[in-house]
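Okay, so here's the structure we're looking at.
When reading the values below, keep in mind they use all heavy atoms of this one structure, side chains included, and skip hydrogens, waters and symmetry mates. A, B, ... follow the sequence lines: proteins, then strands. Residue 1 opens every chain.
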Amino acid sequence: MGSEADQKKIINSIFTKAAEGSRIIKDAEPLRPDYVPPKLLFRDEQITAVAQIVAPILRKQRCSNVLLYGKTGTGKTATARLVLNELRLKAQEFKIPVCLCYTNCRLAGTEYRVVLDLAESVGVKIPFTGLSLGEAYSRVAAQISDNNLNFLVVLDEIDYLAKNSTGNLLYELTRSHEKLTPGGISLIGISNDLRFKEMLDPRVLSSLGEEEMVFPPYSVEELRLILKERVKLAFNDGCITEGAVNLCAALAGSEHGDARRAVDLLRVSAEVAEREGKARVEEHHIKIALQKMEQDRLIEALRVLPLQAKLILLSVIKSEDSSSTGSIYQTYLRLSSRVGVETLTARRVSGILSELDMQGLISANVLSKGRYGRSKRVSLLVSKHLVLDVLTQDPIIAAVI
DNA sequence: CCTCCACAGGAAGCGCAGGAGT
DNA sequence: ACTCCTGCGCTTCCTGTGGAGG
């Protein structure tokens, strides 16, 4: 513990840095992943279509259910939120009672918590635990029909609801307009997963998919203009070069046309430049930021690997060149007995090697050596030092490195 | 051409944890 | 509080297979 004066000095210097710190960023908000820009570029067609679909709400009618499809960062959520905001304003202007709800199913986590969100929007108090899902839902439904509410719900990441639960809630929601004679529920579903339809109950699908809309990825040129807009809002004038913005768009666009990643890259680049004490983001900052983001992703992927997968990855490293499934398994047997973990069968280890292959951490190709059998040839695809670094953080693994 | 190595990878079933229904 | 159900990680058992060497 330092003296009172020391403490004040430290606090003072932190605050001074914070106050004058951002010479580059004037407003971080437009760089946040969930930011909805006032004008959404290159989505006129989708915005128009969604607006037309939900418009009947203002005539106190139920509107068609819609499914919005598209990969991450293609503007689905932003489109939905933008239309929802405008709808709310219009309803206020004409004093039309509407009830709107936006909820993210993945963040909510369970069907029950999605229902809690719905309950809050229609103004019912529901205990956050204690009720069965059915009871909670019927209270929401009762409120809707008692007050003749016209309820529009946006279910973001709806695929999560279909994958990680019984799907009862979706079934109830899609059926509701048959049951609720006064009032009604209209749905906008948003999904990143294009195969989401296949795992849906056909009855739910036919109701939910009354209208469908696909959001294409942004082109590099579109990303470039989107980024320029964000730069205007978030950066101080002249704090980023034209070339840097272009590079940012090109790098993000060459992957999947993911605007969210492109904006992320922009934000991290600004942090990189700021940490270097520069007043302007240049192309090399973008490159550093990209590397940093990729490395962070890799570290995270390694960190959350199950113990057995970590041991197997370590076995791949330790068996070096003779990396056939057999020799890796022998190494694995040695390692796992040394750390005192129960050993898996060769079949399972082979499966885990395939999983690591799919994650892009190793490459495993089947190779036939004729008389000498047929096996996977395995090699590490990422930096050995980085892997060892991360694995050492696991106390159990650290014992054998 | 046939054999046979050293596995690949599918199918079925088991035990367990966690979540839903009662 | 209790059963029932489901999904998951895993094992067991199995059939399939490319090609060097006979």
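Nearest to the side-chain atoms of A:S354 among the listed nucleotides C:dG9, B:dG9, B:dC7 stands B:dG9. Here the nucleotide nearest the side chain of A:R348, chosen from C:dG9, B:dG9, B:dC7, is C:dG9.
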For A:E229 and A:K39: C-alpha separation, side-chain torsions, deciding distance, then whether salt bridge (Lys or Arg N to Asp or Glu O under 4.0 Å) applies.
CA-CA 9 Å; A:E229 277 304 305; A:K39 171 155 174 46; over 6 Å; no
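The separation between A:Y137 atom OH and B:dA20 atom C1' is 19 Å, rounded to whole Å. Between the CD atom of A:E342 and the C1' atom of C:dC10 there is a distance of 10 Å, given to the nearest Å. One interatomic measurement links the two molecules: OH of A:Y329 to C1' of C:dT11, which rounds to 11 Å at whole-angstrom precision. Here B:dG9 presents its P atom at 13 Å from CD of A:E355, a figure rounded to the nearest Å. Residue A:D357 contributes atom CG, which lies 14 Å from atom C1' of B:dG9 at whole-angstrom precision. Counting to the nearest Å, the P atom of C:dG9 and the CG atom of A:L356 are 13 Å from each other. For A:I352 and C:dT11, the CD1 to C1' distance is 12 Å, given to the nearest whole Å. In this entry the distance linking CD1 of A:I312 with C1' of C:dC10 reads 12 Å, nearest Å.
For the side-chain contact (heavy atoms from CB on, under 4.5 Å) with A:I362, the qualifying choice from A:V387, A:L353, A:I328 is A:L353, the only one to do so.
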Got a list of side-chain donor-acceptor pairs under 3.5 Å for residues 289-298 of chain A, not counting sequence neighbours?
residue, atom, partner, partner atom, Å
A:K292, NZ, A:D296, OD2, 3.4

N/O donor to acceptor pairs below 3.5 angstrom from side-chain atoms of residues 369-380 of chain A, sequence neighbours left out:
residue, atom, partner, partner atom, Å
A:S375, OG, A:T325, N, 3.2
A:S375, OG, A:T325, OG1, 3.4
A:K376, NZ, A:S350, O, 3.3
A:K376, NZ, A:S350, OG, 3.4
A:K376, NZ, A:S354, OG, 3.0
A:S379, OG, A:S363, OG, 3.4

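Counting non-hydrogen atoms under 4.0 angstrom, A:L367 reaches nothing in the nucleic acid.
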Under a 4.0 Å heavy-atom criterion, the protein footprint on nucleotides 13-22 of chain C, written with B, S and -, is ---BBBBBS-
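Classification of A:E242 and A:R224 as a salt-bridged pair holds, one side-chain N sitting under 4.0 Å from a carboxylate O. Of the charged side-chain nitrogens involved, at least one lies within less than 4.0 Å of a carboxylate oxygen, so that A:D264 and A:R267 count as a salt-bridged pair.
Every residue meeting the side-chain contact (heavy atoms from CB on, under 4.5 Å) condition with A:L388, not counting sequence neighbours, appears here in chain and number order: A:L314, A:I317, A:K384, A:I401. Residues forming a salt bridge (Lys or Arg N to Asp or Glu O under 4.0 Å) with A:E93 (at least two apart in sequence, or on another chain): A:K90.
A:T345 has no side-chain polar atom (N or O) that falls below the 4.0 Å cut-off from OP1 or OP2 of C:dC10. Residue A:S375 places no side-chain N or O under 4.0 Å from the OP1 or OP2 atom of B:dA6. Between B:dA6 and A:T325, no contact under 4.0 Å exists linking OP1 or OP2 to a side-chain N or O.
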At a cut-off of 3.5 Å, list every protein nitrogen or oxygen paired with a nitrogen or oxygen from nucleotides 12-14 of chain B, distance to 0.1 Å.
none

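For the pair A:R81 and A:Y102, the distance from NZ or CZ to the six-membered ring centre is under 6.0 Å and the angle to the ring normal is within 45 degrees.
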